[in-house]
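The structure displayed is predicted, hence computed values, not measured ones. Letters go in sequence order (proteins before strands), and every chain restarts at 1.
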Protein chains: 2
Amino acid sequence: MTQTYSISDLARELDITTRAIRFYEEQNMLSPERRGQERVYSPRDKVILKLILRGKRIGFSLAECRELIELYDPGHGNRKQLETFLDKITQRRAQLAQQLLDIEQMQIELDTAEERCRTALEQTN
Amino acid sequence: MTQTYSISDLARELDITTRAIRFYEEQNMLSPERRGQERVYSPRDKVILKLILRGKRIGFSLAECRELIELYDPGHGNRKQLETFLDKITQRRAQLAQQLLDIEQMQIELDTAEERCRTALEQTN
DNA sequence: GCTTACCTTTACGTTAACGTAAAGCAACCC
DNA sequence: GGGTTGCTTTACGTTAACGTAAAGGTAAGC
């Protein structure tokens, strides 16, 4: 049998609230099975959640995260759809490249900020 | 004389609204000079705005951006302050490192997504 | 049979980061 | 002097992404 999770299992493991998980479902980013009333999550659901969290860490909106999820299995797309998918992939790549530049630049600024802090600290001695 | 800018100069050049610029001032992230009623911005103000925009591109909140700005000139800090600055710098570095990992991972996923798109496209031929 | 621990739905509340509209001053153009 | 352009302040509106009750269902343990 393939592994399943309760909602609080996932909440604990991924360090988010159950409310957040239900919210993502409301936004059609998840559709877990049900056993009676209760939600039952699959490994795939967990992967999607991780995608969402990773997206959020680099500042993606949930709408953007949903796009990423749609890219995750493009099987059901017609020609037109697939081509817009490829477009979106290209755009995302450009965005990620820009973010890499931004991060590098910020690391440099943190370096000089640390420098200045340290010399200022020496002044106080 | 050192260069100055009007609010719409900066808005045009940095591609944001004047409302946003005024809002950042409300949040104590800018404090431009005044000529009569009008705001007059210095090159330093422009640097700060760029810091903000860069921060936003990688998902920082304005509160986080303000911290970065404070790190930008730590001259006026006492010992205690300077040490918390160094702490914050360390934290930011860790966050940036995590973001780098996230971006790399996403690039990989975009690669495989593109693969799947292309093979799916070939199916439609 | 009562408590405790999870689960559910419904619904209103909250915060961040501006958007948008209203109303008005100052300078230049014709 | 009337209109346009660009600046100002004040203030209410909006969206995203949940938080936070409230009210209740179910199964386990004592």
*Look at all strands and tell whether A/R35 reaches a base, only sugar-phosphate, or nothing, counting heavy atoms closer than 4.0 Å.*
nothing
_If we ignore hydrogens and angles and just use 3.5 Å, is the side chain of B/Q99 paired with the main-chain N or O of A/R57 as donor and acceptor?_
yes
*From the options C/dC18, C/dT8, D/dT8, select the nucleotide whose nearest atom is closest to the side chain of B/A20.*
C/dC18
*Between A/R54 and A/F60, is NZ or CZ placed under 6.0 angstrom from the six-membered ring centre and within 45° of the ring axis?*
no
*Is any side-chain N or O of A/R19 under 3.5 Å from a base N or O of D/dT20, one able to act as donor and the other as acceptor?*
yes
*Can you tell me the distance, in whole Å, between the OH atom of B/Y41 and the C1' atom of D/dG6?*
13 Å
*Go through D/dC18, C/dT8, C/dA17 for me and flag the one nearest to the B/F23 side chain.*
C/dA17
*Report yes if at least one side-chain N or O of A/Y24 is closer than 4.0 Å to OP1 or OP2 of D/dA17; otherwise report no.*
no
*Using a cut-off of less than 4.0 Å, is there contact between a side-chain N or O of A/S8 and OP1 or OP2 of C/dC7?*
yes
_Expressed as a whole number of angstroms, how long is the span from B/L14:CG to C/dC18:P?_
13 Å
*In whole angstrom, what separates B/I16's CD1 from C/dT20's P?*
15 Å
_Is the phosphate of C/dC6 approached by A/S6 (side-chain N or O, under 4.0 Å from OP1 or OP2)?_
no
*Tell me whether the guanidinium CZ or amine NZ of A/R116 lies under 6.0 angstrom from the six-membered ring centre of B/Y72 and within 45° of its axis.*
yes
*Thinking salt bridges, do B/R34 and B/E25 make one under a 4.0 Å N-O criterion?*
yes
*Separation of B/R22 atom CZ from D/dC7 atom C1', in whole Å?*
7 Å
*Identify whether any heavy atom of A/T17 sits under 4.0 Å from a base atom; if not, whether one sits that close to sugar-phosphate; answer base, sugar-phosphate or nothing.*
sugar-phosphate
*Under 4.0 Å between a Lys/Arg side-chain N and an Asp/Glu carboxylate O for B/R39 and B/E33?*
no
*When you get a sec, tell me which of C/dT8, D/dC18, D/dG6 is the closest nucleotide to the side chain of A/K56?*
D/dC18
*Report the distance from atom CD of B/E33 to atom C1' of D/dC7, rounded to the nearest whole Å.*
17 Å
*By nearest nucleotide on DNA chain D, pick out whichever of A/S61 and B/V40 is the more 5' one.*
B/V40
*Send over the distance from A/R34 CZ to C/dT8 P, rounded to a whole Å.*
6 Å
*Please state how far atom CZ in B/R12 lies from atom C1' in D/dC7, giving the value in whole angstrom units.*
13 Å
_Just the rounded figure in Å: distance from C1' of D/dT15 to CD of A/E64._
15 Å
*Under 4.0 Å between a side-chain N or O of B/R39 and OP1 or OP2 of D/dT8?*
yes
